[in-house]
There are 2 protein chains.
Amino acid sequence: MRKTKQREAILDELTKLCTHPSADELYGRVKKRLPRISLGTVYRNLETLSREGVIQRLDTAGSQKRFDADTGDHRHIRCIRCGRIDDLAAGADRARCDARVAKGTGYRVLGRRVEYLGVCPACGRKTGRR
Amino acid sequence: MRKTKQREAILDELTKLCTHPSADELYGRVKKRLPRISLGTVYRNLETLSREGVIQRLDTAGSQKRFDADTGDHRHIRCIRCGRIDDLAAGADRARCDARVAKGTGYRVLGRRVEYLGVCPACGRKTGRR
DNA sequence: TCGATAATAGTAATTATTACTGATAATCTA
DNA sequence: TAGATTATCAGTAATAATTACTATTATCGA
Ligand SMILES: [Mn+2]
Ligand SMILES: [Mn+2]
Ligand SMILES: [Zn+2]
Ligand SMILES: [Zn+2]
């Protein structure tokens with residue numbers, strides 16, 4: 001992975017933000033520094049950087065992908081009105097969890113989305129390992 | 001909401017499936033019964049039916065939206081290989097939860113995605129109610 | 001310094017979804 | 001039941017996010 005001024009600018013802007021921006025939000029920021037950068041370059045670098053583990057691509061709902069310079073394991077809270085995404089501190093324990101999150105973020109907590117991830121029996125069989 | 005043969009066929013096919021299909025998967029099924037139906041009609045009806053609370057639009061990650069005829073509150077497990085989504089029984093309690101899910105579904109559980117939903121302070125202020 | 005090639009800008013293509021339009025058919029009213 | 005009303009339809013165009021392509025440029029190890 002070569003070091004280019006485009007890649008540096010993209011990573012630098014993402015690191016400065018705590019807003020978990022989408023590719024085109026980031027493009028708008030970076031363009032101020034490098035006016036000739038293309039949106040494709042932003043997409044390509046976000047892909048490369050997340051593949052290399054430098055950043056993470058958030059696996060959230062919504063039509064646009066979001067990116068995060070913090071690769072640590074942490075959770076997020078998203079506003080169902082404006083789509084804003086904020087960080088949550090790690091551990092938390094379900095029952096009093098909503099109240100704690102509300103207190104920590106100022107959000108009115110309406111619920112949470114939980115989706116388990118794994119390998120289904122059919123796919124597990126294909127690769128031997130179950 | 002008028003009763004049309006297109007709407008009936010779409011709802012009927014969705015109800016028969018436990019696979020949480022996307023709009024175009026459903027379109028493929030329904031087309032066998034109504035060969036002249038258009039994809040737009042499938043999209044429009046899935047939207048109408050979920051707005052009326054007859055079905056639910058799943059708020060999962062991934063590029064395509066998924067739909068579920070079961071409007072009850074339940075969780076899902078998705079395969080990171082093939083994208084398949086299966087149902088989970090409701091309640092579950094975190095620690096021994098993964099093991100229980102694995103036992104119940106046959107999946108090799110690798111993790112879970114948790115996203116809290118709510119109204120951020122800025123949006124809450126706009127509508128008075130916090 | 002130089003050559004191999006990773007990365008870029010600009011553009012075209014793709015994919016999922018929504019919007020538009022004139023025709024059709026479900027439901028309502030007399 | 002007939003006729004009026006209008007939700008819904010099929011077909012198609014438009015939009016939005018993302019990815020792919022291509023000729024050119026810039027990085028970096030020898
Ligand atoms: Mn974060
Ligand atoms: Mn379900
Ligand atoms: Zn908000
Ligand atoms: Zn699978």
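Chain letters run A, B, ... following the sequence lines, proteins first, then strands; residues in each count from 1.
- Contact check, Lys65(B) against dT18(C): a side-chain N or O comes under 4.0 Å of OP1 or OP2.
- In terms of position on DNA chain C, the residue among Thr4(B) and Arg57(B) whose nearest nucleotide sits closer to the 5' end is Arg57(B).
- Under the 4.5 Å side-chain heavy-atom criterion for ILVMFWY residues, no single connected hydrophobic cluster contains both Leu46(A) and Leu58(A).
- For Gln6(B), the side-chain atoms get nearest to dC9(D) when compared with the rest of dC9(D), dT5(D), dT18(D).
- Within the structure, every side-chain polar atom (N or O) of Ser63(A) is placed at least 4.0 Å from both OP1 and OP2 of dT17(C).
- At distances below 3.5 Å, not a single donor-acceptor pair connects side-chain atoms of Gln6(A) with backbone N or O atoms of Ile37(A).
- Comparing dT18(D), dT8(C), dT8(D) by their closest approach to the side chain of Asn45(A) singles out dT8(C).
- With contacts defined as side-chain heavy-atom distances shorter than 4.5 Å, the pair Asp24(A)/Gln64(A) qualifies.
- Whole-Å rounding puts the Met1(A) CE to dT8(C) C1' distance at 16 Å.
- Atoms CD (Glu47(A)) and P (dA7(C)) sit 12 Å apart, rounded to a whole Å.
- When rounded to the nearest whole Å, the span between CD of Glu25(B) and P of dT15(C) equals 15 Å.
- The interatomic distance linking Leu49(A) (CG) with dA6(C) (P) rounds to 17 Å, in whole Å.
- Relative to the side chain of Arg7(B), the nucleotides dT8(D), dA9(C), dT18(C) differ in distance, and dT8(D) lies closest.
- Phosphate proximity of dA17(D) to Ser22(A): absent, as no side-chain N or O sits under 4.0 Å from OP1 or OP2.
- At whole-Å resolution of the value, CG in Leu39(B) and C1' in dC9(D) are 14 Å apart.
- Between Asp86(A) and Arg78(A) there is no side-chain heavy-atom pair separated by less than 4.5 Å.
- Residues Val119(A) and Ile85(B) are members of separate hydrophobic clusters, defined by side-chain heavy-atom contacts under 4.5 angstrom among Ile, Leu, Val, Met, Phe, Trp and Tyr.
- By the 4.5 Å heavy-atom criterion applied to side chains, Asp68(B) and His76(B) are counted as neighbours.
- Going from atom CD of Glu8(A) over to atom P of dT8(C) covers 11 Å, rounded to whole Å.
- In the set dT17(C), dG11(D), dT8(C), dT8(C) carries the atom at the smallest distance from any side-chain atom of Arg44(A).
- In the set dA10(D), dC9(D), dT17(C), dA10(D) carries the atom at the smallest distance from any side-chain atom of Ile37(B).
- You'll find a donor-acceptor pair under 3.5 Å spanning the side chain of Arg2(A) and the base of dT5(C), going by distance alone.
- The separation between Arg66(B) atom CZ and dA16(C) atom P is 12 Å, rounded to whole Å.
- Picking from dT8(D), dA10(D), dT18(D) the nucleotide with the shortest atom distance to the side chain of Gln64(A) gives dT18(D).
- Closest contact between the side chain of Thr41(B) and the listed nucleotides dC9(D), dT18(C), dA9(C) involves dC9(D).
- The CZ atom of Arg36(B) sits 10 Å away from the P atom of dT12(D) (whole-angstrom rounding).
- Place Tyr43(A) and Lys3(B) on DNA chain D by their nearest nucleotides, and Lys3(B) ends up nearer the 5' end.
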